[in-house]
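Taking it in order: structure first as C-alpha cells, then the write-up.
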Protein chains: 2
Amino acid sequence: MNGEKKLEHARERVIEAISQNMNLYGVTESIGRLYGALYFQEGPLTLDEMKDELGMSKTSMSTSVRSLLELKMVGKVWKKGVRKDLYQAEPDWYQTFIDFFSIKWRTGISINVSAMEKSLAELQSLVEDEGTDSKVHAEAKQDIEKLTDALEYYDWLNRLVDSFESKEIFNYIPKNS
Amino acid sequence: MNGEKKLEHARERVIEAISQNMNLYGVTESIGRLYGALYFQEGPLTLDEMKDELGMSKTSMSTSVRSLLELKMVGKVWKKGVRKDLYQAEPDWYQTFIDFFSIKWRTGISINVSAMEKSLAELQSLVEDEGTDSKVHAEAKQDIEKLTDALEYYDWLNRLVDSFESKEIFNYIPKNS
DNA sequence: CAGTACGTACAGTTTTTTCTGTACGCGTTA
DNA sequence: TAACGCGTACAGAAAAAACTGTACGTACTG
C-alpha cells in the first residue's frame, strides 16, 4: 500500500469515529463525516469541493454545513477573489465542546424552565383553592416539590454553562493535567 | 375546568418539555415522554401500567424502558409479592445529568481515542518511512499534530467526567448558589 | 405436571428522516 | 442588459427508524 492510501485510511478511521461520536448526540452521521472531512483539510472548502469529497449532493452539503454552522463547529471564511462560500472546521475541540453543549443546554433549560414555571403557578393556585379535592391537592403538592427541585437543578446547570462559556471551568479542570 | 384536569394539564406540559429536551440529545420523544410519565408517578410502574398511561404497545414500553435503564434514568424496583417488573424514574436530576453525560462522553472518548491512537501510529510510521512522498509526509505531520491535540482534549474530557462522577464538580459549581 | 403470566425477539407496517434533482432568486460578469 | 454561477427552497424518492402484533422462552402457580 502506498503512502497516500495509508494517509487516507488513517484519516478515514478517525473521521468515522468522529461521525459515530457526534451521532451519539443526535447529529446525523453524514453531518459528522462532513465535519471530519473538513477537520482534516488544510484550508477551507467550497460546497462543490465537499460534494466531491463526500460524494453527495450539493443540496445536502448546503444543509449539512448550515447545521454545523449553527453548532459553531464550522465557520464561514472569506477569501479575496473567491466568489464561492468557504467553510472550515473549528479546530479547537475545547471550544467546539463548549459551544456544542452550551447551545444545547441553554436551549433545554429554556424549554424546561418556562414550562415548569407555568405549571408551577397553576399547581400553586390549585393548592390554594379551597375547593380542590384532597387527593388532587396532595398530588399537586408533591408535584410542586418536584418542580421546585428541578428548577433548582436548572439554576445549577445554568451556572455550569456560565463556567463553560467564561472558560472558568479550565480553572477547575485545567487543560494540562 | 376541574382540579384533576388542571393537574393533568400542568403535568402534561412539563412532560412534553422534558421529552423535547431529551430529544435534543438523540433520545426519542416517546422515550422522553415515558420518562416524564414515570417522573410524576408516586410509585414505580409496571410495563402494563406504562402501556395504559401512554397508550402504546407493551413491546414499545419494554424497549423504551430498557433504553432508560441504560441511561440510568430509571431504576428497576423490587416489591414483595409483585411478580411484574417495576420501574421508577430516578428523581435526582443532578444524578441523572451526571449519569447521562458520563455514559455518553465515556463512550465517545473510547471510540475516538482508540481510533486516533491507531491512526496516529500509522501516521508516525508513514513519517518515519524514508520513501514517503514529500507531500504525503507533510500532510501526515499535520495530521499527527491535529490528533495529538485532539487526544489532549480527550484527556481533559476524561478528567471532566471524573469530576462529575466523583461529585467534585459540586465543589466548583455548588448546588446552592 | 399442566396452565398461566410475564417480558422480549422478531418480522412486518407505518411514520419519519435523509437525500437528491430541479427550479429559482440573487448577485456578479461581460 | 443578458448570461452565468452560486446557494438554497421545495417536492419527490429512498432509506432509516419507530411502532405494533404475534409468537415464544422462562418462571411461577395450582
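No experiment lies behind these values; they were computed from the predicted model shown. So that the names make sense, note that chain A is the first sequence line, chain B the second, and so on, each numbered from 1.
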(request) Using the ring of Y25(B) (Phe, Tyr or Trp, six-membered ring only), decide whether K104(B) places NZ or CZ under 6.0 Å from its centre and within 45 degrees of its axis. (result) no
(message) Tell me the interatomic distance from W78(B), atom CH2, to dA27(D), atom P, rounded to whole angstroms.
(response) 17 Å
(message) Please report the distance, rounded to the nearest Å, between CG in L47(B) and P in dG21(D).
(response) 16 Å
(request) Return the value, rounded to whole Å, for the distance between atom NZ of K51(B) and atom P of dC6(C). (result) 11 Å
(request) Find the distance N23(B):CG to dT17(C):C1' and express it as a whole number of Å. (result) 12 Å
(request) Measure from CD on E29(B) to P on dA18(D) and round the result to the nearest Å. (result) 11 Å
(request) Determine, using ring centers only, whether Y39(B) and W93(B) are less than 6.0 Å apart. (result) yes
(request) Look at R83(B) and dT26(D) and indicate whether a side-chain polar atom (N or O) is within less than 4.0 Å of OP1 or OP2. (result) no
(message) What is the distance, to the nearest angstrom, from the CD1 atom on I31(A) to the P atom on dT17(C)?
(response) 13 Å
(message) For a quick check of understanding: with a heavy-atom distance under 4.0 Å over all strands, which category does T46(A) fall into, base, sugar-phosphate or nothing?
(response) nothing
(request) Nearest whole angstrom, please: distance from the P of dC28(D) to the CG of D85(B). (result) 11 Å
(request) Determine the sole option in F101(B), Y154(B), W156(B) for which the ring-ring contact (aromatic ring centres under 6.0 Å, His included) test with F97(A) is passed. (result) W156(B)
(message) Please pick, from dA9(C), dT8(D), dC19(C), the nucleotide with the shortest atom-to-atom distance to any side-chain atom of S60(A).
(response) dC19(C)
(message) Evaluate T96(A) against Y153(B) for side-chain contact (heavy atoms from CB on, under 4.5 Å), listing each step before the verdict.
(response) CA-CA 11 Å; T96(A) 297; Y153(B) 154 77; over 6 Å; no
(message) Need one value for T28(A): base, sugar-phosphate or nothing, where a base atom within 4.0 Å counts as base even if backbone is also close, heavy atoms only.
(response) sugar-phosphate
(request) Using a 4.0 Å heavy-atom cut-off across all strands, classify S30(B) as base, sugar-phosphate, or nothing. (result) sugar-phosphate
Which pairs would a plain distance check flag for residues 65-81 of chain B, meaning a side-chain donor or acceptor within less than 3.5 Å of a matching protein atom at least two apart in sequence or in another chain?
from, atom 1, to, atom 2, distance (Å)
S67(B), OG, T63(B), O, 3.2
K76(B), NZ, D85(B), OD2, 3.4

(message) Should the side chain of T59(B) and the base of dG21(D) be counted as holding a donor-acceptor pair, with the cut-off at 3.5 Å?
(response) yes
(request) Whole angstrom is fine here: how far is it from NZ in K84(B) over to C1' in dT8(C)? (result) 15 Å
(message) Given dC19(D), dG7(C), dC19(C), identify the nucleotide with an atom nearest to the side chain of M56(B).
(response) dC19(D)
(message) With a cut-off of less than 4.0 Å, is there a side-chain N or O of K58(B) near OP1 or OP2 of dG7(C)?
(response) yes
